[in-house]
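To find a chain, count down the sequence lines: A is the first, B the second, and so on, and within it residues start at 1. The structure presented is a predicted model; accordingly, all values stated were derived computationally and were not measured.
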Amino acid sequence: MPVSLRQSGRLLLAWYRRNARDLPWRRTRDPYAVWVSEIMLQQTRVEAVIPYYERFLARFPDVKELAKAPEAEVLERWAGLGYYRRARQLQAAAKQIVERHGGVFPADYESIRELPGVGEYTAAAIAGIAFGLTYAALDGNVMRVMARLHNDGRDIGQARTRKSMQAEAQRWIDAMPVADFADFNQATIELGATICTPRSPRCLGCPLSAGCLARREGNQGSLPYKSARQRVEKLDMAVAIVERRGRLLMRQRPDDEKLMPGFWELPQYASSRIDAHAFAALGIELGERIGAFKHAITFRAYSGQVYQGTLEGERPDEYRWIHGSRLVL
DNA sequence: CACACGTGGCC
DNA sequence: TGGCCAAGTGT
């Protein structure tokens, strides 16, 4: 027998109230703090976020402090978390809140959604947690829970699947009593994060297992379906450390570069083999190999070698000497 | 729509 | 150990 939306929602909420992890951002409904946590949690694990969240809130306790801080300091507190555009957009949004809303965090979905870095998911999450508004927050966890609950084999990479699941999630939250709105999104997410996990779901501890169609069919391990990702392309590259009086030879990538526009980089060359000629063209002679690194992004995996380099003659036009103290590692 | 964007954990 | 993934957004 299928379980009603309201009934499964009740079971889920009761489970959540007994089993929710005690996370720092759950101790507040301050929209600023909720917002910072949601941005940090995008594509990032809870355990990784916690120390960053604590340090960030200690240094920037409210919208105004964040808005007026030097960008370098914001990035410094973010260093190591990844997706650095999030940090820049967070501050841009703080400035937007100061300018358009007098420094008071906006309390309506549309204004929240207009903040840079805040998409559909994040706007719904903030609106629900901080303001008790009924917007279904659809993230990877919720899609997994729903796909399994309905034994839904559609590709969750497809926009139309997400749109349909968004509507289902909305019907679910709309079926709940007003008092439960603030917790409901989080309850589904928490279930996905701790019970209805991507691998080896713990169905025995799941409050929804009785009504879960995937479990009935034995499909819980193979849902949700995601179409195959593009094959990873492996690339070799080499970079040269060219040092002169404590400064490094670097160039800033043009703003119209497709990959990493505006980023500073060391003299480098990417190919299927190390090509000393590419460095020679810059007047750089390669010396001893002093290190190696790996870096993967989307479907490219770089394997890099680091060489000591010497510049013969003048620096190439595009390059500048950058003092080591200006590098944030 | 496909792709860029980081990092660490897991098997 | 390398491939895959994890609380998305912007272009």
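Under a 3.5 Å cut-off, the side chain of A:Q91 and the backbone N or O of A:P70 do not form any donor-acceptor pair.
Between A:L249 and A:L266, the closest heavy-atom pair is O-CD2, 3.9 Å. Nearest heavy-atom pair across A:C203 and A:S209 is O-CB, 3.6 Å.
Of the residues near DNA chain C, A:L115 and A:W25, the one whose nearest nucleotide (by heavy atom distance) lies more toward the 5' end is A:W25. Looking at which nucleotide of DNA chain B each of A:A159 and A:E47 is closest to, the 5′-most match is held by A:A159. Mapping A:Q42 and A:R45 onto DNA chain C via the closest heavy atom, the residue that lands nearer the 5' end is A:R45.
Looking at A:R100 and A:E110, no side-chain N of the basic residue comes within less than 4.0 Å of a carboxylate O on the acidic one, giving no salt bridge. A salt bridge is absent between A:R10 and A:D183: the closest approach of a Lys/Arg side-chain nitrogen to an acidic carboxylate oxygen does not fall below 4.0 angstrom. A salt bridge does not link A:R113 with A:E120: every distance from a Lys NZ or Arg NE/NH1/NH2 to an Asp or Glu carboxylate oxygen is 4.0 Å or more.
Counting only heavy atoms from C-beta outward, the side chains of A:I112 and A:W35 never approach each other to under 4.5 Å.
Residue A:E120 is in sugar-phosphate contact alone, with no base atom involved, counting any heavy-atom pair closer than 4.0 Å across all strands shown. A:S37 comes within 4.0 angstrom of no nucleic acid atom, judged by non-hydrogen atoms across all strands. Among the atoms of the strands shown, none is found under 4.0 Å from any heavy atom of A:G192. A:R160 comes within 4.0 angstrom of no nucleic acid atom, judged by non-hydrogen atoms across all strands. Across all strands, A:V46 comes closer than 4.0 Å to base atoms (heavy-atom distances).
Hydrophobic clustering, with ILVMFWY side chains joined whenever heavy atoms are under 4.5 angstrom apart, groups A:Y84 together with A:L66.
Counted within 6.0 Å of CD on A:E288, heavy atoms from surrounding residues, nucleotides or ligands total 12 or fewer; the atom is thus considered open. Within a 6.0 Å sphere centred on CZ of A:R59, heavy atoms belonging to other residues, nucleotides or ligands number more than 12.
Note: NZ (A:K226) to C1' (C:dG8) measures 12 Å, nearest angstrom. The distance between atom CH2 of A:W35 and atom P of C:dT9, rounded to the nearest whole Å, is 14 Å. Taking atom CZ on A:R162 and atom C1' on C:dG8, their separation rounds to 10 Å, with Å as the unit. Across the protein-nucleic acid pair, A:Y83 atom OH and B:dG8 atom C1' stand 12 Å apart, rounded to whole Å. What separates CG of A:L75 from P of B:dG6 is a distance of 11 Å, to the nearest Å. Separating the CD1 atom of A:I39 from the P atom of C:dT9 is a distance of 8 Å, rounded to the nearest angstrom. Following rounding to the nearest Å, A:Q166 (CD) and C:dT9 (C1') show an atom-to-atom distance of 15 Å. Atom CD1 of A:I189 is separated from atom P of C:dG8 by 9 Å (rounded to the nearest Å).
Closest to the A:Q43 side chain, of the nucleotides C:dT9, C:dG10, B:dG6, is B:dG6. Side chain of A:P198, nearest nucleotide from B:dC1, C:dG8, C:dA6: C:dA6.
Comparing the P positions of B:dG8 and C:dT9 gives an interatomic distance of 23 Å, to the nearest angstrom. Atom P of C:dC5 sits at a distance of 16 Å from the matching atom of B:dC3, rounded to the whole Å.
For A:T44 against B:dG6, a side-chain-to-base donor-acceptor contact under 3.5 Å is present.
Within residues 84-92 of chain A, the residues approaching DNA chain B are A:Y84, A:R85, by heavy-atom distance under 4.0 Å. Within residues 127-139 of chain A, the residues approached by DNA chain C to less than 4.0 Å at the level of any non-hydrogen atom are A:D139, in residue-number order.
With ring centers used as reference points, A:F184 lies under 6.0 Å from A:W172.
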